[in-house]
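Read through the structure below, which is laid out as structure tokens, and then see the notes.
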Amino acid sequence: MPLANPLTALKQYRLSNLPFDLPAGISVFIVALPLCLGIALASGAPLFSGLVAGIVGGTLVGLLSGSELSVSGPAAGLAVVVADSVTSLGTFDAFLVAVVLAGIIQLGLGLLKVGRFSSLFPESVIKGMLGGIGIVIILKQIPHALGRDIDYEGEFEFSQLADGENTLSEIYRAVVTASPGAVAISILSLLVLFLWERKAGKGAKFFKNLPAALLVVLLGVGLNQLFRLYYPEWYLGDNNEHMVRIPVIKAGQSVGTMVNFPDFTALANPLTYRIAVTVALVASLETVLNLEAADHLDPLRRTSSSNQELIAQGVGNITVGLLGGIPVASLVVRTSANIFGGGKTRMATIFHGVLLLTAVALTGSLLNYIPLSCLAAILILVGYKLANPSLFTFLYEEGPTQFIPFVVTVICIVFTDLLIGIAVGTVVGLFYVLYTNSQASFRVVRDRHNVLIKFQKDVYFLSKPQLKETLLSLKRGDSVYVDGKHAVFIDHDIVAMLTDFTETANTQGIEYELNEIFIKKRNRNASIRKAITGQ
């Protein structure tokens, strides 16, 4: 089912989708809120810059996106790049110029239709990305569920920036220092989520239309306030450590006073352009990979336009840079929350952006009462759905050519980061693709001493080991016919090996005939040419 033009799709929006898109938008908003703030912290950028990125990613990029389900926001994979770039350029305002330039580069990539290369990533690697990120989400949220909120929300690297721990050691520290209040909130939140999902899965309209994430947030806030009144030792407080923390606009203060603007004198610094290229490439790679993942998760199996998405991301990053935000990209966590929340169209993404804007303008102080432990429960459920055991079972049953690249991708993502995991998984996946093709390029049929070696398709150098083994297995008295008429291309090394075997066959008493096995730009003696042409 191809994707319609974004603006046309919006004009044709049906109100019948509203009961799906609005709850999904609320769920994405609840998930995205702490991630926007956490990624800004991890990037060493102002908190408000993360919210700007979330608002632009939800509204503008959501409007222009090449996907109905993709959700964009501040990119966790760029946190280290942003932090290092701000340090190198001297100021965050100078870095914003690089973000604008990165957006222009992405716009150009989309117009040049570079996005089509996203289909080169093996399906096993895309599924490995989903499973790996699902496991990482669960592991990273366990400390928050236990009340240890030192690490930034949205940081998915194994080695953590905030406290020098890694994913596993952070869990150990969290278990040792577990907060009873946080544990109670997270466990009750998970129970509500699972029960709500079960009721919704059975078709109960009330449970399907009311987002469980919203109920869990209200439950978390209510429980924490009850702890304050009746169990003070369980109370999580209302400080930065355990709560969502949105910058609150004070009386007499305008939003404009919280916004940073680009310092265009940075255009004179060559480093600005190198950083812009880095941001553009990393953000674009994250985006096209997530787009492939979104299409895999989409219940309607729609095909997204990666070129249109790059154009949307380019416009988004130009806007983000001008308004003081950190770079945006299409991201798995928000997108999967949208899909699992029942989102049908891009309106769910736009709703989440509007809610972020409303939160900044009106309700920041109220949202700061939300405990991170209840949000951790929501994200743990998202992670479980991404890394569902059935996914591992399915890939295992598909065989080693699918399962091994999948597992390698998962392991590398969990113990390094997303981009390294994808890179290693892709290399392994492409190796298995080439290996599989080499195994199926020809077949051997033996009837007593009659042997047929039939090329079924184009034959590349990777088939040499298998073909060599076949030739070595031939016995004295065999009559061998090598048929290459079904191969449009036969690799030079393959032809050379087949023709060289002519003399070996003569000395070993093997009748040997080649049919339509051609070689170019190689001088051979008359006997070999005769063997090749069959004349």
Interatomic distance, Ile126 atom CD1 to Ser124 atom OG [nearest 0.5 angstrom]
9.0 Å

If you take all heavy atoms of Phe351 and Gly25, which pair is closest and at what distance?
CB-CA, 4.3 Å

Reported CD1-to-CG distance for the pair Ile171 and Leu139, which is rounded to 0.5 angstrom:
4.5 Å

Do Asp263 and Leu89 touch side chain to side chain, with heavy atoms closer than 4.5 Å?
no

Does Gln308 use its side chain to pair, donor to acceptor, with the backbone of Leu64 at less than 3.5 Å?
yes

When you check the side-chain N and O atoms of Ser70 and Ser65, is any donor under 3.5 Å from an acceptor?
no

For Ser179 and Gly147 the tightest heavy-atom approach is CB-CA, 4.3 Å

Donor + acceptor pair across side chains of Ser336, Lys385 (<3.5 Å):
no

Using the side chain to side chain contact (heavy atoms under 4.5 Å, CB included) definition, which of the options Leu47, Leu323, Ile326 pairs with Val52?
Leu323

Expected output: side-chain Asp21 to main-chain Met347 donor-acceptor under 3.5 Å:
no

For Leu386 versus Gly134, what's the shortest heavy-atom pair and its separation?
CB-CA, 3.7 Å

Which is it for Val244 and Ile246 under the side-chain contact (heavy atoms from CB on, under 4.5 Å) test, yes or no, and what are the steps along the way?
CA-CA 6 Å; Val244 169; Ile246 298 177; 4.0 Å; yes

Would you check, one step at a time, whether the test salt bridge (charged side-chain N to carboxylate O under 4.0 Å, His left out) holds for Glu165 with Arg173?
CA-CA 9 Å; Glu165 301 286 349; Arg173 303 286 182 201; 3.2 Å; yes

Answer yes or no: is there a side-chain heavy-atom contact under 4.5 Å between Phe415 and Leu168?
yes

Is any side-chain heavy atom of His352 closer than 4.5 Å to a side-chain heavy atom of Ile26?
no

For the CD atom of Gln106 and the CD1 atom of Ile318, what is their distance to the nearest 0.5 Å?
9.0 Å

Is the shortest side-chain N to carboxylate O distance from Lys344 to Glu68 below 4.0 Å?
no

Can you see whether Gln160 engages Asn166 through a side-chain donor-acceptor pair at a distance of less than 3.5 angstrom?
no

Can you pull the ring-ring contact (aromatic ring centres under 6.0 Å, His included) pairs that have at least one residue in residues 173-204, sequence neighbours excluded?
Trp196-Phe206, Trp196-Phe207

Can you label the angle between the Tyr231 ring and the Phe227 ring as parallel, tilted or perpendicular, going by 30° and 60°?
perpendicular

Between Asn17 and Thr345, do the side chains contain a donor N or O and an acceptor N or O under 3.5 Å apart?
no

Decide yes or no on side-chain hydrogen bond (donor to acceptor under 3.5 Å, both in side chains) for Asn388 and Ser390, but give the supporting numbers first.
CA-CA 5 Å; Asn388 195 299; Ser390 63; 2.9 Å; yes

Do Glu397 and Gln402 get their side chains close enough for a donor-acceptor pair, meaning under 3.5 Å?
no

Measuring from atom CG of Leu379 to atom OG of Ser186, what distance do you get when rounded to the nearest 0.5 angstrom?
12.5 Å

Quick one: do Tyr235 and Leu226 satisfy side-chain contact (heavy atoms from CB on, under 4.5 Å)? Show the steps, please.
CA-CA 8 Å; Tyr235 180 51; Leu226 285 175; over 6 Å; no

Mark yes or no for whether Arg346, through its side chain, and Gly62, through its backbone, hold a donor-acceptor pair below 3.5 Å.
yes

How close do Val279 and Ala102 get, heavy atom to heavy atom, and via which atoms?
CG1-CB, 3.8 Å

Leu285 vs Leu289, side-chain contact (heavy atoms from CB on, under 4.5 Å): CA-CA, chis, key distance, verdict
CA-CA 6 Å; Leu285 181 58; Leu289 286 170; 4.0 Å; yes

Determine whether Lys127 and Phe394 make a side-chain contact, defined as any pair of heavy atoms from C-beta on separated by less than 4.5 Å.
yes

Are more than 12 heavy atoms from other residues, nucleotides or ligands located less than 6.0 Å from atom CZ of Arg228?
yes

Sidechain-backbone polar pair: Lys140 side chain, Tyr152 backbone, donor-acceptor under 3.5 Å:
no

How far apart are the closest heavy atoms of Gly421 and Thr416, and which atoms are they?
N-OG1, 4.0 Å

Would you sort out whether Arg334 and Cys36 count as a side-chain contact (heavy atoms from CB on, under 4.5 Å), showing the intermediate values?
CA-CA 11 Å; Arg334 295 168 179 80; Cys36 289; 4.0 Å; yes

Tell me, do Met243 and Leu372 make a side-chain contact under 4.5 Å, heavy atoms counted?
no

In Å and rounded to the nearest 0.5 Å, what is the NE2 to CD1 distance from His242 to Ile185?
10.0 Å

Check for a donor-acceptor pair, side chain of Asn338 on one end and backbone N or O of Leu69 on the other, with a separation under 3.5 Å.
yes

Can Ser304 and Glu309 be counted as having a side-chain donor-acceptor contact under 3.5 angstrom?
no

Can any side-chain N or O of Asn224 pair as donor or acceptor with the backbone N or O of Leu236 at less than 3.5 Å?
yes

Taking atom OG1 of Thr335 and atom CD1 of Ile133, what is their separation to the nearest 0.5 Å?
10.0 Å

Gln313 and Ser72: CA distance, side-chain angles, deciding distance, side-chain hydrogen bond (donor to acceptor under 3.5 Å, both in side chains) verdict
CA-CA 8 Å; Gln313 296 294 331; Ser72 297; 2.7 Å; yes

As a quick check of understanding, evaluate salt bridge (charged side-chain N to carboxylate O under 4.0 Å, His left out) for Glu170 and Arg148, giving each step before the final call.
CA-CA 8 Å; Glu170 184 77 7; Arg148 182 177 171 88; 3.0 Å; yes

pair Leu35-Pro74: side-chain heavy atoms closer than 4.5 Å:
no

Between Phe406 and Phe392, how do the two ring planes meet: parallel, tilted or perpendicular, split at 30° and 60°?
perpendicular

Between Thr91 and Asp93, is there a side-chain donor-acceptor contact under 3.5 Å, judged purely by atom types and distance?
no

Are any non-hydrogen side-chain atoms of Cys374 and Leu219 less than 4.5 angstrom apart?
no

Taking all atoms of both residues into account, what is the closest heavy-atom pair of Gly425 and Thr409, and its distance?
CA-OG1, 3.1 Å

With a 4.5 Å heavy-atom cut-off, do Val414 and Phe156 have their side chains touching?
no

